[in-house]
Novice: 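I am attaching a structure below and will ask some questions about it afterwards.
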Amino acid sequence: MSSEPSSNLKPLNIALLTVSDTRGLEQDTSGQFLEDSVIEAGHRLVARRILPDDVYLVRALMSGWIADPEVHVVIITGGTGLLERDSTPEAVRPLFDKTIDGFGEEFRRLSASEIGSSTVQSRALGGMANNTVIFCLPGSTGACRTGWNGILSSQLDSRHGPCNFSALVLRKPDKPMQRINEVIGQRATR
């Protein structure tokens with residue numbers, strides 16, 4: 001998992017997803033914080049979406065981003081709690097090739113100093129799929145700030161040593177994405 005730190009930032013292509021049944025763009029302060037942080041860090045924001053807390057909608061979008069050679073990193077905010085509708089871990093975990101256990105552990109360790117034992121209710125998690133790194137954060141802006149400032153900003157920075165995720169995600173294979181929407185046959189309507 002090591003990568004060779006360099007003196008120049010290698011910008012990553014990052015997609016952001018807010019999972020919420022109630023937030024629109026104006027109320028999505030967590031997504032806005034992450035968007036601003038990604039840009040400020042020198043990375044490229046390639047997509048930002050808001051979806052309702054629905055396992056299949058989240059999985060569909062995530063599958064496309066995982067297959068897309070232009071997306072190196074996905075950061076999801078929301079849907080990681082314990083309420084009935086909170087289903088981000090259930091939507092995303094089956095898509096992982098490998099889990100990043102240390103991400104959730106470190107997130108909960110950092111957030112304990114801010115919210116105490118309530119951090120045990122966080123199901124923050126991370127994983128890799130098709131050389132795409134995926135991080136799932138709680139929906140609060142404070143939690144996104146903790147995750148970004150405490151973990152993601154350094155782990156997505158190619159200059160950070162002794163290791164970071166940059167070298168792994170920059171090895172993502174090129175795929176013929178245009179084939180996904182290609183219509184073949186005379187009777188197909190999609």
Side-chain angles (χ1 to χ4, degrees), residues 9 11-55 57-59 61-62 65-66 71-83 85-93 95-96 99-129 132-158 160 164-166 169:
L9 175 71
L12 301 177
N13 296 337
I14 300 178
L16 301 176
L17 171 60
T18 298
V19 176
S20 176
D21 291 332
T22 59
R23 292 184 195 173
L25 187 60
E26 295 299 316
Q27 300 82 25
D28 186 20
T29 57
S30 300
Q32 190 60 54
F33 168 79
L34 290 169
E35 177 180 330
D36 294 343
S37 298
V38 163
I39 300 300
E40 185 178 304
H43 299 296
R44 292 180 289 269
L45 181 69
V46 295
R48 180 176 170 198
R49 303 283 187 276
I50 299 174
L51 285 179
D53 206 327
D54 180 282
V55 168
L57 291 175
V58 171
R59 251 184 226 163
L61 180 64
M62 289 297 300
W65 283 348
I66 289 166
V71 177
H72 300 127
V73 179
V74 176
I75 303 172
I76 303 173
T77 177
T80 62
L82 296 170
L83 296 174
R85 294 280 300 161
D86 290 329
S87 59
T88 297
E90 290 75 20
V92 176
R93 193 177 284 119
L95 302 174
F96 289 167
T99 59
I100 305 169
D101 296 327
F103 175 75
E105 295 164 0
E106 180 65 0
F107 176 81
R108 284 180 282 282
R109 187 190 71 76
L110 291 170
S111 70
S113 65
E114 299 167 10
I115 62 171
S117 65
S118 294
T119 194
V120 301
Q121 293 190 31
S122 169
R123 297 189 304 148
L125 73 153
M128 295 281 301
T132 306
V133 67
I134 301 153
F135 300 103
C136 304
L137 294 166
S140 75
T141 305
C144 289
R145 188 174 294 112
T146 298
W148 179 265
N149 293 335
I151 306 168
L152 299 180
S153 64
S154 60
Q155 282 299 300
L156 298 177
D157 189 327
S158 58
H160 179 76
N164 58 70
F165 288 103
S166 181
V169 300

Novice: Quick one: pull up CZ in Phe103 and CD in Gln155 and give me the separation to the nearest 0.5 Å.
Specialist: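 The distance works out to 10.0 Å.
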Novice: Do Arg23 and Ser30 have side-chain heavy atoms sitting under 4.5 Å apart?
Specialist: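 They are in side-chain contact.
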Novice: Does the side chain of Leu57 come within less than 4.5 Å of Pro52's, by heavy atoms?
Specialist: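 Answer yes - side chains close enough.
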Novice: Shortest non-hydrogen contact from Met62 to Ile76?
Specialist: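 It is SD-CD1, 3.6 Å.
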Novice: Taking side chain as C-beta onward, heavy atoms only, is Phe135 less than 4.5 Å from Leu156?
Specialist: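 Yes - at least one pair of side-chain heavy atoms lies under 4.5 Å apart.
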Novice: Just by distance, do the side chain of Thr80 and the backbone of Ser122 share a donor-acceptor pair under 3.5 Å?
Specialist: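 Not confirmed, Thr80 side chain does not pair with Ser122 backbone.
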Novice: Mind checking whether Trp148 and His43 have parallel, tilted or perpendicular rings, split at 30° and 60°?
Specialist: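 Trp148 vs His43 ring planes: perpendicular.
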Novice: Would you check if Leu16 and Glu35 make a side-chain contact, meaning some heavy-atom pair closer than 4.5 Å?
Specialist: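 Yes. Closest side-chain heavy atoms under 4.5 Å.
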Novice: To the nearest 0.5 angstrom, please state how far the CG atom of Leu83 sits from the CG atom of Asp53.
Specialist: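 Result: 9.5 Å between the selected atoms.
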Novice: Got a second to check how far Ile50's CD1 is from Asp28's CG, nearest 0.5 Å?
Specialist: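 One finds 4.0 Å between CD1 of Ile50 and CG of Asp28.
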Novice: Not counting sequence neighbours, which residues clear side chain to side chain donor-acceptor pair (under 3.5 Å) with Gln32? List them please.
Specialist: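 Only Asp36, Arg48 meet the side chain to side chain donor-acceptor pair (under 3.5 Å) criterion with Gln32.
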Novice: Give me the atom names and distance for the closest heavy-atom approach of Cys144 to Thr77.
Specialist: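 Looks like SG-OG1, 3.2 Å.
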Novice: Calculate, to the nearest 0.5 Å, the distance between atoms CZ and CD belonging to Arg123 and Glu90 respectively.
Specialist: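 It comes to 4.0 Å.
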Novice: To the nearest 0.5 Å, tell me how far Gln27 CD sits from Thr18 OG1.
Specialist: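 Interatomic distance, Gln27 CD to Thr18 OG1, rounded to 0.5 Å: 11.0 Å.
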Novice: Closest heavy-atom contact between Val73 and Leu12?
Specialist: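 Heavy atoms only, the tightest pair is CG2-CD1, 4.0 Å.
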Novice: Tell me the closest heavy-atom pair linking Trp65 and Arg49, and the distance in Å.
Specialist: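 For Trp65 and Arg49, the tightest heavy-atom pair comes out as CZ2-CG, 3.8 Å.
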Novice: How many angstroms lie between atom CG of Leu125 and atom CZ of Arg93, to the nearest 0.5 angstrom?
Specialist: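 Reported value, rounded in 0.5 Å steps: 5.5 Å.
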Novice: When you measure from the side chain of Ser154 to the backbone of Ile151, do you find a donor-acceptor pair of N or O atoms at a distance under 3.5 Å?
Specialist: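 Confirmed, Ser154 side chain pairs with Ile151 backbone.
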Novice: Quick one: are Asn164 and Asp157 in side-chain contact, heavy atoms under 4.5 Å?
Specialist: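 A side-chain contact is absent here, since even the closest heavy-atom pair is not under 4.5 Å.
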Novice: Which atom pair, heavy atoms only, marks the closest approach of Gly127 to Phe96?
Specialist: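 What the structure gives for the nearest pair is N-CZ, 3.5 Å.
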Novice: Please find the pair of heavy atoms, one from Ile66 and one from Leu95, that lie closest to each other, and give the distance.
Specialist: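 Closest pair (atom of Ile66, atom of Leu95, distance): CD1-CB, 3.9 Å.
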